[in-house]
Amino acid sequence: MTIIKRHILDGFPKSMSPSSHAVEADGFVFLTGQFGRNLEAPDEPLSAGIEAQTERTLQNMERVLASLGMTLRHVVSVRVFLTDFKRDYDGLNAVYGRFFAEGERPVRTCVGVTDLVRDALVEIDCIAKR
């Protein structure tokens with residue numbers, strides 16, 4: 001039987017939804033969607049622009065992974081959600097490419113959506129493997 005471990009992480013703000021920060025099963029780690037909020041001051045306004053929000057979102061994902069003893073190199077799959085796909089796709093990619101080195105990039109799906117929590121421009125979730 002698969003053992004499932006649900007993580008509510010110390011030092012992180014409460015999730016915006018009724019969910020865990022991460023869930024582990026069979027060596028896979030599934031992170032809840034991250035967006036560009038400041039984890040130290042989660043109620044402060046989000047930064048303006050896709051580049052700033054993408055940067056913060058990926059930093060948050062790195063921080064969650066680090067708290068579980070992992071890095072972005074463990075990520076095997078990413079899903080990206082953009083509220084204005086045509087306007088923000090290139091800006092997202094400019095920042096995203098700095099976080100995932102050439103030759104070490106996970107598979108990725110990127111979709112346009114109508115809205116995200118707190119009017120975020122981008123949300124990213126991922127699956128990592130220990």
Side-chain angles (χ1 to χ4, degrees):
M1 182 173 151
T2 299
I3 296 173
I4 298 174
K5 185 173 183 180
R6 292 165 179 85
H7 297 280
I8 303 296
L9 302 169
D10 291 334
F12 286 83
K14 183 179 173 186
S15 181
M16 296 292 296
S17 64
S19 61
S20 299
H21 291 117
V23 174
E24 288 190 59
D26 293 331
F28 287 97
V29 179
F30 303 82
L31 267 60
T32 196
Q34 299 295 311
F35 66 101
R37 69 179 166 166
N38 179 348
L39 297 179
E40 302 304 320
D43 294 327
E44 83 181 18
L46 302 182
S47 299
I50 190 62
E51 291 86 357
Q53 286 193 28
T54 301
E55 182 94 19
R56 177 64 59 93
T57 299
L58 290 167
Q59 289 170 347
N60 291 349
M61 191 162 51
E62 280 184 312
R63 186 169 162 195
V64 173
L65 288 166
S67 74
L68 299 169
M70 303 173 81
T71 70
L72 290 175
R73 294 186 76 188
H74 291 93
V75 175
V76 296
S77 181
V78 171
R79 290 187 307 180
V80 178
F81 305 91
L82 293 172
T83 58
D84 194 327
F85 193 94
K86 289 180 182 179
R87 180 193 69 202
D88 291 339
Y89 187 72
D90 290 338
L92 161 84
N93 284 331
V95 175
Y96 184 94
R98 294 195 316 261
F99 280 80
F100 294 99
E102 184 91 28
E104 296 181 2
R105 293 183 176 147
V107 299
R108 187 180 96 176
T109 299
C110 188
V111 297
V113 296
T114 58
D115 205 5
L116 292 169
V117 67
R118 292 199 41 208
D119 295 322
L121 301 176
V122 60
E123 183 172 341
I124 302 174
D125 69 12
C126 73
I127 302 169
K129 177 78 167 96
R130 287 198 183 274

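Computed from a predicted structure; not experimentally measured. When reading the values below, keep in mind they use all heavy atoms of this one structure, side chains included, and skip hydrogens, waters and symmetry mates.
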Decide side chain to side chain contact (heavy atoms under 4.5 Å, CB included) for Lys129 and Ile127; before the verdict, give the C-alpha distance in whole Å, the side-chain angles of both, and the deciding distance to 0.1 Å. CA-CA 7 Å; Lys129 177 78 167 96; Ile127 302 169; over 6 Å; no
Remaining members of the apolar cluster that contains Val113, side-chain heavy atoms under 4.5 Å: Phe81, Val111, Leu116
Quick check against the 3.5 Å criterion: does Gln53 have a side-chain atom that pairs as donor or acceptor with the backbone of Leu46? no
Apart from Met1 itself, what residues make up its hydrophobic cluster when side-chain heavy atoms of I, L, V, M, F, W and Y under 4.5 Å apart count as a link, directly or indirectly? none
Is it possible for you to say whether Phe85 and Leu121 belong to one hydrophobic cluster, with membership spreading through side-chain heavy-atom contacts below 4.5 Å? yes
Can you sort out the partners of Thr2 under side-chain hydrogen bond (donor to acceptor under 3.5 Å, both in side chains), two or more places apart, ordered by chain and number? Asp26
Between Thr32 and Ser19, which heavy-atom pair has the shortest distance, and what is it? OG1-OG, 3.6 Å
Euclidean distance, Ser77 OG relative to Asp125 CG, rounded to 0.5 Å: 8.0 Å
Any donor-acceptor pair under 3.5 Å from Asn60 side chain to Gly36 backbone: no
Run through Val80, Val78, Val64, Leu58 and flag the one making a side chain to side chain contact (heavy atoms under 4.5 Å, CB included) with Cys126. Val78
Can you measure from OG1 (Thr54) to CG (Asn93) and round to the nearest 0.5 angstrom? 9.0 Å
Taking only residues two or more places apart in sequence or in another chain, which ones pass side-chain hydrogen bond (donor to acceptor under 3.5 Å, both in side chains) with Ser67? none
Keeping Gln34 on the side-chain end and Ile124 on the backbone end, is there a donor-acceptor pair under 3.5 Å? no
May I ask you to test the Leu72-Leu65 pair for a side-chain heavy-atom distance under 4.5 Å? yes
Residues pairing under ring pair (Phe, Tyr, Trp, His ring centres under 6.0 Å) where one sits in residues 13-52, two or more places apart or in two chains, turn out to be Phe12-His21
Quick one: salt bridge (charged side-chain N to carboxylate O under 4.0 Å, His left out) partners of Arg98, sequence neighbours excluded? Glu55
Could you walk me through whether Met70 and Arg130 pass side chain to side chain contact (heavy atoms under 4.5 Å, CB included), step by step? CA-CA 7 Å; Met70 303 173 81; Arg130 287 198 183 274; 3.6 Å; yes
When every non-hydrogen atom of Val29 is compared with those of Ala22, the smallest separation belongs to CG1-CB, 4.2 Å
Cluster overlap Phe99 with Val75, hydrophobic side-chain contacts below 4.5 Å: yes
Can you check side chain to side chain contact (heavy atoms under 4.5 Å, CB included) on Glu24 and Ile3, steps first, answer last? CA-CA 8 Å; Glu24 288 190 59; Ile3 296 173; over 6 Å; no
Could you check if a side-chain atom of Glu62 sits within less than 4.5 angstrom of a side-chain atom of Thr71, using non-hydrogen atoms only? no
Do the non-hydrogen side-chain atoms of Thr57 and Met61 ever get within less than 4.5 Å of each other? no
Shortest non-hydrogen pair, Ile4 vs Ala25, comes out as CG1-CB, 4.2 Å
Members sharing Val107's hydrophobic cluster (side chains within less than 4.5 Å): none
Check salt bridge (charged side-chain N to carboxylate O under 4.0 Å, His left out) between Arg105 and all other residues, then give those that pass, not counting sequence neighbours. Glu102
State, with a plain yes or no, whether a side-chain heavy atom of Leu82 is found less than 4.5 Å away from one of Ile50. yes
Does Glu51 have any salt bridge (charged side-chain N to carboxylate O under 4.0 Å, His left out) partners at least two apart in sequence or in another chain, and if so, which? none
Sorted by chain and residue number, the side-chain hydrogen bond (donor to acceptor under 3.5 Å, both in side chains) partners of Asp43 (sequence neighbours excluded) come out as none
For Arg6, all residues meeting side-chain hydrogen bond (donor to acceptor under 3.5 Å, both in side chains), sequence neighbours excluded: none
Going by heavy atoms in the side chains, are Arg118 and Met16 under 4.5 Å from each other? yes
Could you go through the side chain to side chain contact (heavy atoms under 4.5 Å, CB included) check for His7 and Val23 one step at a time? CA-CA 6 Å; His7 297 280; Val23 174; over 6 Å; no
With a cut-off of 6.0 Å (strictly less than), are more than 12 heavy atoms of other residues, nucleotides or ligands near CZ of Arg108? yes
With sequence neighbours left out, write down each residue that passes ring-ring contact (aromatic ring centres under 6.0 Å, His included) with Phe100, or none if nothing qualifies. Tyr96
Could you check whether atom CZ of Arg63 has more than 12 heavy atoms from other residues, nucleotides or ligands sitting under 6.0 Å from it? yes
Any Pro13 side-chain heavy atom under 4.5 Å of Arg37 side chain: yes
